[in-house]
Amino acid sequence: PAIEEVKFSLASCRGCFGACSFCALTFHQGRIIQTRSHASILQEAEAMTHAPGFKGYIHDVGGPTANFRHGPCKAVREGKKGVCNNRRCLSPTPCKNLIADHTEYVDILRRVSALPKIKKVFVRSGVRFDYVMADPDGTFLRELVEKHVSGQLKVAPEHISPNVLRYMGKPDVKIYNAFCKRYFETTKACGLEQYLVPYLMSSHPGSTLSDAID
């Protein structure tokens with residue numbers, strides 16, 4: 001019988017310093033980002049091209065938060081301290097010490113995409129949109145939109161109510177709205193028609209009926 005297409009994906013990192021209130025990643029993977037080397041990622045990607053059922057598509061290169069590659073700030077990256085236990089790195093606003101940089105992740109996507117027999121590399125795991133907005137360099141968003149989205153990009157605002165977002169440890173909805181605007185502007189500039197699929201959560205602790213209606 002014909003082999004159905006297998007969803008080939010690559011894990012590039014573990015952990016998440018987002019520290020959302022409802023997410024277990026903080027506890028079972030930690031807030032310190034653990035990353036694989038470029039060589040390891042490329043070796044696995046190349047091996048996939050020889051697997052039965054491979055049709056040229058890698059359906060994800062990422063992790064719990066796809067676009068986190070290093071720790072949130074210089075002190076964590078240099079191993080001088082752990083992440084802060086009394087504040088979040090991204091909410092309600094990004095920490096003044098946050099380093100938002102997608103350079104290495106962009107390089108990984110480019111190098112995997114350039115391997116023989118690979119037609120397309122997608123990013124389907126969670127893209128942290130507020131981290132994208134904190135990056136002064138727009139290269140990642142442009143290349144994400146142009147090369148790594150399969151018609152729809154999933155992102156997680158989780159809610160729109162300021163009250164619930166505060167309980168969740170998520171940024172204000174205005175950050176999500178700004179990301180939407182930039183995403184669609186970039187999509188249009190690339191001559192594409194692509195969409196956003198937002199994850200939304202109901203009945204979070206602290207949410208009221210009014211919040212749910214909003």
Side-chain angles (χ1 to χ4, degrees), residues 11-35 60-102 104-105 123-138 140-141 144 152-183 196-214:
S12 62
C13 64
R14 286 174 61 85
C16 178
F17 54 77
C20 302
S21 302
F22 52 84
C23 184
L25 282 169
T26 296
F27 303 101
H28 70 79
Q29 291 194 15
R31 292 174 64 192
I32 301 295
I33 307 300
Q34 307 293 329
T35 57
D60 194 17
V61 177
T65 298
N67 52 324
F68 287 174
R69 183 66 188 168
H70 292 289
C73 60
K74 184 177 180 180
V76 175
R77 293 185 182 196
E78 294 179 351
K80 294 179 179 178
K81 60 170 288 184
V83 290
C84 299
N85 60 11
N86 60 346
R87 68 181 70 178
R88 292 184 173 96
C89 303
L90 283 163
S91 68
T93 58
C95 174
K96 63 181 177 63
N97 296 316
L98 178 74
I99 302 172
D101 182 5
H102 292 85
E104 187 175 343
Y105 187 45
V123 177
R124 300 188 192 275
S125 54
V127 170
R128 185 87 187 205
F129 63 85
D130 48 347
Y131 189 72
V132 174
M133 296 301 289
D135 187 351
D137 185 343
F140 169 68
L141 181 59
L144 175 70
Q152 297 177 334
L153 177 67
K154 296 177 182 178
V155 288
E158 304 294 3
H159 217 285
I160 67 162
S161 162
N163 175 55
V164 181
L165 290 170
R166 184 172 64 254
Y167 283 121
M168 288 180 162
K170 297 290 285 186
D172 192 279
V173 71
K174 66 183 180 183
I175 305 298
Y176 174 67
N177 289 335
F179 173 79
C180 291
K181 183 175 183 292
R182 186 177 296 180
Y183 174 85
L196 287 172
V197 178
Y199 288 155
L200 298 170
M201 185 183 296
S202 67
S203 306
H204 188 277
S207 177
T208 66
L209 180 58
S210 176
D211 294 324
I213 291 171
D214 288 343

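Both backbone and side-chain heavy atoms feed into the values below; hydrogens, waters and symmetry mates do not. Numbers for residues simply follow the sequence, beginning at 1.
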Heavy atoms of Gly82 and Ile32 approach each other most closely as CA-CD1, 4.5 Å
ask   = Is the side chain of Asp60 donor-acceptor paired with the backbone N or O of Ser125 at a distance under 3.5 Å, no angle test?
value = yes
Taken to the nearest 0.5 Å, the spacing of Cys89 SG from Asp130 CG works out to 11.0 Å
Interatomic distance, CG@Asp135 vs OH@Tyr105, rounded to 0.5 Å, equals 13.5 Å
In short, Leu200 meets His159 closest at the heavy-atom pair CD2-N, 4.0 Å
Practice item. Kindly say whether Ile33 contributes a backbone atom to a donor-acceptor pair with the side chain of Arg69 at under 3.5 angstrom? Key: no
Taking every heavy atom of Val61 against every heavy atom of Ala66, the minimum-distance pair comes out as O-CB, 4.5 Å
With a 3.5 Å distance limit and no angle check, can you tell me whether Asp211 reaches the backbone of Thr208 through a side-chain donor-acceptor pair?
yes
When every non-hydrogen atom of Lys170 is compared with those of Cys20, the smallest separation belongs to CD-SG, 3.5 Å
Minimal heavy-atom distance between Ser12 and Gly63, with the atoms involved, is OG-N, 4.4 Å
The reported gap from CZ in Phe17 to OG1 in Thr26 (rounded to nearest 0.5 angstrom) is 11.5 Å
Rounded to the nearest 0.5 Å, the CG atom of Leu153 sits from the CZ atom of Phe179 at a distance of 5.5 Å
Check: Ser91 side chain, Gly169 main-chain N or O, donor-acceptor pair, under 3.5 Å
yes
- Arg128 backbone acceptor or donor facing Asn67 side chain under 3.5 Å: yes
### Query
Do side-chain atoms of Arg77 reach the backbone of Ile99 as a donor and acceptor pair under 3.5 angstrom?
yes
Margin query: Test your reading of the model: is there a side-chain donor-acceptor pair from Asp172 to the backbone of Pro162, 3.5 Å cut-off?
Written below: no
Is there a donor-acceptor pair under 3.5 Å between the side chain of Tyr131 and the backbone N or O of Asp101? yes
One should read off an interatomic distance between His102 NE2 and Leu141 CG, to the nearest 0.5 angstrom, of 9.0 Å
key: Enclosure of Phe22 CZ (heavy-atom neighbours >12, cutoff 6.0 Å)   = yes
For this session: Spell out, as yes or no, whether a donor-acceptor pair under 3.5 Å connects the side chain of Ser21 to the backbone of Tyr167.
Result: yes
Rounded to the nearest 0.5 Å, the CG atom of Asn177 sits from the CE atom of Met133 at a distance of 10.0 Å
